[in-house]
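In what follows, a single structure is set out as structure tokens and then discussed.
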Amino acid sequence: MSDIHLTPHGEKIIGLDPVASLDRALKHALVEHSDACHLVFTGDLTHYGNQEEYSILKDLIKDIKIPITFLMGNHDKREPFCEVFKSVSLDEYGFLQSATSFKDHTLLFLDTLNLPYAEGDKNKGFLCTDRLAWLEKQLDFAKGRKVIVFMHHPAFPVGFKAMDKIR
């Protein structure tokens, strides 16, 4: 799931309630995909990146028994996220990145959040030398396996101007 943009106090975005929408989506996923072994949220977990919104997310997922991996999007903030999700740890460089394996696949979860950002770059994704070094190390570990990379911002042009601008 991506771009859920949770908001506090029933605040709507373009006339939609993100909290109610995520609740419905999770219930649907758990019924229709009951065999799922992992759930991935690929960023923009919240709209404002504050503790209240992350607490809402934590409450919405509290009964889910399968592992969940979270990624950061440009609307997220690592510090408030980590204050709410205390069991989630940042990598050696301070990014929310991780790897896991399923059968013959390695899943890599990259943090593309660009904080602090320069004026005009708020929405853009970023992979610095530390994140690229982490990626290179993970790809070395995964030699001979199929690799799937998850990130909030696309790494290549997708043909949608707004997304291509922030890749």
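Only a predicted model underlies this, so the values are computations on that prediction, with no experimental measurement involved.
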Indicate if [X] and [Y] have the same hydrophobic cluster label, given that clusters are the connected sets of ILVMFWY residues with side-chain heavy-atom separations under 4.5 angstrom.
X: M1; Y: I56; value: yes
X: V19; Y: I13; value: no
X: L6; Y: L71; value: no
X: W134; Y: L90; value: no
X: L22; Y: I66; value: yes

If I take atom [atom1] from residue [X] and atom [atom2] from residue [Y], how far apart are they, to the nearest 0.5 angstrom?
X: D23; Y: D59; atom1: CG; atom2: CG; answer: 9.5 Å
X: E52; Y: T7; atom1: CD; atom2: OG1; answer: 9.0 Å
X: T69; Y: F41; atom1: OG1; atom2: CZ; answer: 10.5 Å
X: L96; Y: L113; atom1: CG; atom2: CG; answer: 9.5 Å
X: K161; Y: I166; atom1: NZ; atom2: CD1; answer: 15.5 Å
X: H75; Y: D44; atom1: NE2; atom2: CG; answer: 5.0 Å

Is a side-chain N or O of [X] found less than 3.5 angstrom from the main chain of [Y], in a donor-acceptor match?
X: H105; Y: K146; value: no
X: S21; Y: D17; value: yes
X: E53; Y: G49; value: yes
X: D164; Y: V158; value: yes
X: D76; Y: L45; value: yes

Exercise. Report yes if the distance between the aromatic ring centroids of H38 and F102 is under 6.0 Å, otherwise no.
Key: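 Centroid distance H38-F102: below 6.0 Å, so yes.
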Shortest non-hydrogen contact from [X] to [Y]?
X: F156; Y: R167; value: C-CD, 3.5 Å
X: A133; Y: Y93; value: CB-OH, 4.1 Å
X: Q138; Y: A99; value: OE1-CB, 3.4 Å
X: P154; Y: M163; value: CD-CE, 3.6 Å

Quiz prompt | N114-H153 side chain donor-acceptor pair, cut-off 3.5 Å | solution =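 Per modelled atom types, N114 and H153 side chains form no pair under 3.5 Å.
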Side-chain heavy-atom pair [X], [Y] within 4.5 angstrom cut-off:
X: Q97; Y: F109; answer: no
X: V147; Y: L107; answer: no
X: T106; Y: L139; answer: no
X: H5; Y: D3; answer: yes
X: F150; Y: T42; answer: yes
X: R145; Y: S101; answer: yes
X: N50; Y: K77; answer: no
X: V40; Y: I68; answer: no

Quiz prompt | side-chain contact (heavy atoms from CB on, under 4.5 Å) between L108 and L135, worked out | solution = CA-CA 8 Å; L108 301 178; L135 175 60; 3.7 Å; yes
Quiz prompt | Test: R78 and D111 ion pair at under 4.0 Å | solution =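 D111 and R78: salt-bridged.
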Exercise. Output, in order, the C-alpha distance, side-chain angles, deciding distance and verdict of side-chain contact (heavy atoms from CB on, under 4.5 Å) for N74 and H152.
Key: CA-CA 8 Å; N74 47 287; H152 181 70; 3.2 Å; yes
Practice problem: Report the C-alpha separation of Y48 and E11 in whole Å, then their side-chain angles, then the decisive distance to 0.1 Å, and conclude whether the side-chain contact (heavy atoms from CB on, under 4.5 Å) test is met. | Solution: CA-CA 11 Å; Y48 302 108; E11 182 180 324; 2.4 Å; yes
Exercise. Report the C-alpha distance between E92 and K137 in whole Å, list the side-chain angles of each, state the deciding distance to 0.1 Å, and finish with yes or no for salt bridge (charged side-chain N to carboxylate O under 4.0 Å, His left out).
Key: CA-CA 12 Å; E92 63 191 284; K137 186 167 42 171; 2.8 Å; yes
Practice problem: Could you check C128 against F95 for side-chain contact (heavy atoms from CB on, under 4.5 Å), going step by step and ending with a plain yes or no? | Solution: CA-CA 11 Å; C128 63; F95 300 112; 3.8 Å; yes
Exercise. Classify the angle between the aromatic ring planes of F70 and F85 as parallel (below 30°), tilted (30 to 60°) or perpendicular (above 60°).
Key: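 Tilted.
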